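To start, the structure itself, in structure tokens.
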Number of protein chains: 2
Amino acid sequence: MDEMFRLDNQLCFRLYTASRLVNQAYWPLLSPHHLTYPQYLVLLVLWEKDTQPVNDIAKRLYLETNTVTPLLKRMEALGLVTRKRGKEDARQTLVTLTEKGKGLQQALTDVPLTVGKSVLCESVTPETVPDLFRMLDDIIGRLASHPDTP
Amino acid sequence: MDEMFRLDNQLCFRLYTASRLVNQAYWPLLSPHHLTYPQYLVLLVLWEKDTQPVNDIAKRLYLETNTVTPLLKRMEALGLVTRKRGKEDARQTLVTLTEKGKGLQQALTDVPLTVGKSVLCESVTPETVPDLFRMLDDIIGRLASHPDTP
DNA sequence: TATATTTGCATCGTGAACGATATAAATAAA
DNA sequence: TTTATTTATATCGTTCACGATGCAAATATA
């Protein structure tokens with residue numbers, strides 16, 4: 001039938017699958033700490049800059065607040081972050097790492113390298129990764145900018 | 001802090017984000033037909049080869065049956081497929097396209113090209129797409145083969 | 001100042017993903 | 001032929017994603 005419809009010709013399917021499988025690669029490293037991958041991403045954001053409003057965290061991860069809010073509540077329940085209303089702007093909810101949340105960075109030091117190594121292969125090497133980064137960044141930039149088709 | 005932890009150095013985060021954003025690009029094209037993206041993938045699989053057991057569909061999409069089963073039930077409710085037990089092997093559930101499910105291919109002819117175009121950009125062109133495909137395929141092949149780290 | 005609009009979060013409902021577990025049919029082993 | 005094991009699906013519970021909607025605080029407008 002139409003060649004366009006062949007699964008093997010779909011970029012999106014590859015992205016979708018690669019994303020899921022890499023996500024699974026994190027599981028054995030994060031689950032001992034009762035962490036999920038999106039929660040780990042939130043930690044990455046907060047480790048870079050502590051005490052941020054929900055909106056900033058969501059934007060950084062290209063997510064909506066309705067995804068991040070319940071996620072942050074679970075992280076609060078785990079004792080990793082605190083959430084309190086902003087003083088200047090009472091609409092904002094400021095998210096701050098607890099000592100436990102900060103300390104987790106030590107326990108997870110080898111996560112990036114471990115996952116990084118498990119992804120390296122024939123065509124994905126330290127030399128080619130920058131190319132892959134550029135292509136993915138371009139796709140993200142293109143799709144994040146506009147909701148429509150231009 | 002540790003450079004390894006910077007969000008901008010994470011391949012996984014790029015894959016995760018690109019996958020989600022491309023997925024969103026499908027939404028306006030699929031939602032008029034009450035289709036989700038994973039359901040569209042199932043259609044792609046069945047359009048290539050009709051009447052397959054759940055397991056074959058799941059394997060083709062690198063998914064588990066516990067993800068695919070409820071998805072297929074929803075597609076059955078939409079009148080896109082039928083599910084019936086195999087005659088030779090009564091453990092299998094054979095999934096077959098209905099006329100409506102087959103006919104949907106006509107209604108969606110321009111989906112692959114439309115999404116394809118919306119992804120093209122500076123560094124992702126008809127010339128570079130094969131490179132991107134190869135890298136993603138290698139990552140998928142590497143992660144799909146083993147559950148561990150070798 | 002009173003009203004309208006925007007902004008920042010939160011709530012709700014639905015559909016994936018996926019680990020864990022269950023169940024029946026098919027196959028292998030004893 | 002019994003019994004044990006494997007295989008093919010399905011069920012259950014939790015956590016995302018995300019569209020739609022609601023609400024209060026902040027800001028803009030009249």
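Every value quoted in this text rests on a predicted model; they were computed, and no experiment measured them. Every chain is numbered from 1 and lettered A, B, ... according to where its sequence line falls, protein lines coming before strand lines.
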Distance col, row B:L46:CG vs B:Q105:CD, nearest 0.5 angstrom, shows 11.0 Å

Side-chain N or O of [X] less than 4.0 angstrom from OP1 or OP2 on [N]?
| X | N | answer |
| --- | --- | --- |
| B:Y37 | D:dA17 | no |
| B:Q39 | C:dA16 | yes |
| B:R74 | C:dA16 | yes |
| A:T36 | D:dC16 | yes |

Which donor-acceptor pairs under 3.5 Å do the side chains of residues 22-36 of chain A make with protein atoms, sequence neighbours left out?
residue, atom, partner, partner atom, Å
A:S31, OG, A:W27, O, 3.0
A:T36, OG1, A:Q39, N, 3.3

Using a 4.0 Å heavy-atom cut-off across all strands, classify B:Y62 as base, sugar-phosphate, or nothing. nothing

For residues 57-72 of chain B, which side-chain donor-acceptor pairs fall under 3.5 Å, sequence neighbours excluded?
residue, atom, partner, partner atom, Å
B:R60, NH2, B:E48, OE1, 3.1
B:T69, OG1, B:T65, O, 3.0

Contact summary for B:G79 and B:T98, nearest pair of heavy atoms: O-OG1, 2.6 Å

Salt-bridge present (A:K73, A:E76; N to O < 4.0 Å): no

Looking at B:L132, B:L120, B:T17, which one forms a side-chain contact (heavy atoms from CB on, under 4.5 Å) with A:I139? B:L132

Give every pair of a protein N or O atom and an N or O atom of nucleotides 7-11 of chain C that lie under 3.5 Å apart, one pair per line with the distance.
residue, atom, partner, partner atom, Å
C:dT7, O2, A:R91, NH1, 3.0
C:dG8, OP2, A:N55, ND2, 3.4
C:dC9, OP1, A:V54, N, 3.4
C:dC9, OP1, A:T93, N, 3.1
C:dC9, OP2, A:N55, N, 2.7
C:dC9, O3', A:T93, OG1, 3.1
C:dA10, OP1, A:R83, NH1, 2.9
C:dA10, OP1, A:T93, OG1, 3.2
C:dA10, OP2, A:T69, OG1, 2.6
C:dT11, OP2, A:K73, NZ, 2.5

Nearest-nucleotide 5' precedence on DNA chain C, A:W27 against B:K87: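 Nearest nucleotide further toward 5': that of A:W27.
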
